[in-house]
Amino acid sequence: MSQFWKPGTEKPRLVDDEEGGVLFFNSPSGYANIERQRQKLPVFRYRTAILYLVETHATTIVVGETGSGKTTQIPQYLKEAGWADGGRVIACTQPRRLAVQAVAARVAEEMGVKLGEEVGYTIRFEDVTTQGVTMIKFLTDGVLLREMMDDPLLTKYSIIMVDEAHERSIATDILLGLLKKIQRRRPELRLIISSATIQAKSMSDFFQPRKSRRRPDGEDLGPNMEPAVLSVEGRGFNVQIHYVEEPVSDYLRAAVSTVLLIHDQEPMGDILVFLTGQDDIDAAVQLITEEAQNRGKNSSGLMLVPLYSGLPRAEQELVFTPTPRGKRKVVISTNIAETSITLEGVVYVVDSGFSKQRFYNPITDIENLVVAPISKASARQRTGRAGRVRPGKCYRSAPFMLILSPNKVAFPLYVSMVTTRLYTEEYFAKEMSDEGIPEIQRSNLVSCVIQLKALGIDNILGFDWPASPSSEAMVRALEVLYSLGVLDDDAKLTSPTGFQIAEFPLEPMIAKMILSSGELGCSEEIITIAAVLSIQTIWVSGRGSQKELDEAKLNFAAAEGDHVSFLNVYKGFLQSGKSPQWCHRNFVNYQAMKKVIEIRGQLRRTAQRLGVVLISCERDTVVVRKAITSGFFANACRLDASSHDGKYKTIRGSQEVYIHPSSVLFRVNPKWVLYHSLVSTDKQYMRNVISIDPSWLTEAAPHFYQHQRLNSMVR
DNA sequence: AGCTAATAA
């Protein structure tokens, strides 16, 4: 049944690209042409097999390389086979919004229907479907989870296809766990799990029924509960892999010299370099520029393009501009180019073997961002980026781990120390883990647990996860939710508070803050703050010097702290008539502010529905800070008077923390502060900080701060 | 005394 691509053979180039982002289509003239295109896709050969397996098995796992056409074709096959008859809907989930939109548009085009009718999509803020008409619906897995809050059995769907399951996002994992549960109540529901090769085994194990539930042979009791596994080959060219032979002491320099070597010795073709973050990338751009200048005209002709998520939109688009004749484009990227952005024309990949990953320590309740070795699956994915247009080459190099500056590498829970010192072939074969650690095992679980509780999953510790988080992490999440008043003594959602907080598409602490703001009379302000906190940054990055940005921020700085400063920016933006020019002058990101307005609108509607009084406190910053305290009381810190370096201690755990340099309270150091989040680098930095009065803590959470504990600290 | 891998509701 399985078909595998033979290394060294060339696969036919097709115009299909299912991976979101860049979609292009050789404007077909008419239906016959589209049909011919569809039949050329690798997945077409499996049409009958897929339909048969879906018919006879509750769960079908489709292992498909990228470019097989599975995402766009399988939903159409299902529709053609009648799975959308009788008002039923075929769902296909994606981890990313952009992919949802792109794939839906493509399928609508192939079917010759208007997007939003037979084929539609739903993402946050955009429901492009028509009830009773839409037969194939693409949506993010997060949206499908939200839908379960109204319809726990997802009764309108006949089939749910979970695409890109190998990425193992939190939402995908929760969804898989819940779908497995739903299936027991709805035997007629079919699941298709689309996954990369490496994950197929664990996926199939997860959907394996317990022995007692297996149907006896020959008896017809509905579909076979054993998952079926089908492999579909993809399209893509052979990529020759080169490993380093000798240890390199610095992956940045190794990457830089590899780029120059490729440029000197290899035929034309673009280069994609994987590094870990903005710092690395900016440094590499500079080093390559300098080196190229030193080497004279043979090394000119390089077009260097940095790529990372924080880059302004316009600069990100540079990666898509066609390479000028006689030039070679070098895209230097984070792992955004591994999954989210597809670049055409890449022939060479330089892989550092590292990426930044989040790790959560449930003991300290702190999330860290650390540089860590990637998995084999990631390495293969990166390699595959070189084979999209013609046979390519991938250069894998990695440094001595220990030579990295100490603040860049920390070994978190779950990651074992890498003893091999370089990314040799042996390292790849023997030391690299097959798969990355699922996000759910690297994260704070507060949002995840409240979502499960809201869906009526009472036994969180006993939940059947595709990959179980540590019990410490689960217990920690339960504790936090209890302290927020979301859960009662029996760990049941409280009414109405718990249910209300679960309704908000926000972290529970932010949602709590919004609920309290109604009573405190400052909900308009708090909803603005919640919207600002839910996007990455409202400031422009990259334009001008850091110093200029710091100065621009001072125009809005409030003595009370960052949250109040956000209100000043928002007010200024409104007073300017939402002017892009005003944003530009003030180093404010216009796109971000537009998003703030949009999210603010959604939160306002949700708040109103839940009975939160919408009211402004005008200039009263005390109530604003009290409302914030009601959600974030656990993040209170006190300035350590004995040291004069701005050291704070958290009240809960006596952790040593510092105010982040980006905060308006940096160097101001009020005695008592509350932070929104911690960033760990060489120190623990508090991001988004306000000053508070310690009496607000006992007011907001008397159960959490026993009086004696606080009094002894206040002195 | 000096900072933000990626994604979503």
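Below, read A as the first sequence line, B as the second, and so on, with proteins coming before strands; counting in each chain starts at 1.
- Contact annotation: A/H660 side-chain N/O to B/dG2 OP1/OP2 distance is not under 4.0 Å.
- Heavy atoms of A/S355 sit nowhere under 4.0 angstrom from any nucleic acid atom.
- Checking the phosphate oxygens (OP1, OP2) of B/dA8, no side-chain nitrogen or oxygen of A/S169 falls inside 4.0 Å.
- In the interface, the side chain of A/R96 is not paired with the base of B/dA8 through any donor and acceptor atom under 3.5 Å apart.
- Here A/N669 lies in heavy-atom contact (under 4.0 Å) with a base.
- Between the CZ atom of A/R97 and the C1' atom of B/dT7 there is a distance of 11 Å, rounded to whole Å.
- When distances are taken from the side chain of A/V679 to each of B/dT4, B/dT7, B/dA5, the shortest belongs to B/dT4.
- Between the NZ atom of A/K553 and the P atom of B/dC3 there is a distance of 13 Å, given to the nearest Å.
- Under the ring pair (Phe, Tyr, Trp, His ring centres under 6.0 Å) criterion, A/F632 pairs with A/H676, sequence neighbours left out.
- Contact check, A/Y685 against B/dC3: a side-chain N or O comes under 4.0 Å of OP1 or OP2.
- Distances shorter than 4.0 Å separate none of the side-chain N or O atoms of A/S340 from OP1 or OP2 on B/dA6.
- Along DNA chain B, the nucleotide nearest to A/E507 and the one nearest to A/G310 differ in position, and the one closer to the 5' end is contacted by A/G310.
- The side chain of A/I123 sits closest to B/dA9 out of B/dG2, B/dA9, B/dT7.
- Within the 4.0 Å cut-off from OP1 or OP2 of B/dA9, not a single side-chain nitrogen or oxygen of A/S534 is found.
- Nucleotide B/dT4 holds its C1' atom 12 Å from the CG atom of A/D282, rounded to whole Å.
- Note: A/W539 and A/F556 have tilted aromatic rings, judged against thresholds of 30 and 60 degrees for the angle between ring planes.
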If you apply the rule side chain to side chain contact (heavy atoms under 4.5 Å, CB included), what do you find for A/T342 with A/E344, and how did you get there?
CA-CA 7 Å; A/T342 302; A/E344 291 299 323; 4.1 Å; yes
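- Residues that satisfy the ring pair (Phe, Tyr, Trp, His ring centres under 6.0 Å) test with A/F566, not counting sequence neighbours, are absent from this structure.
- Considering only the side chain of A/F666, B/dA1 comes nearest among B/dA9, B/dT4, B/dA1.
- Salt bridge A/E598/A/R124: absent, no basic N to carboxylate O contact under 4.0 Å.
- At a threshold of 4.0 angstrom between heavy atoms, the contacts of A/Q602 with the nucleic acid are absent.
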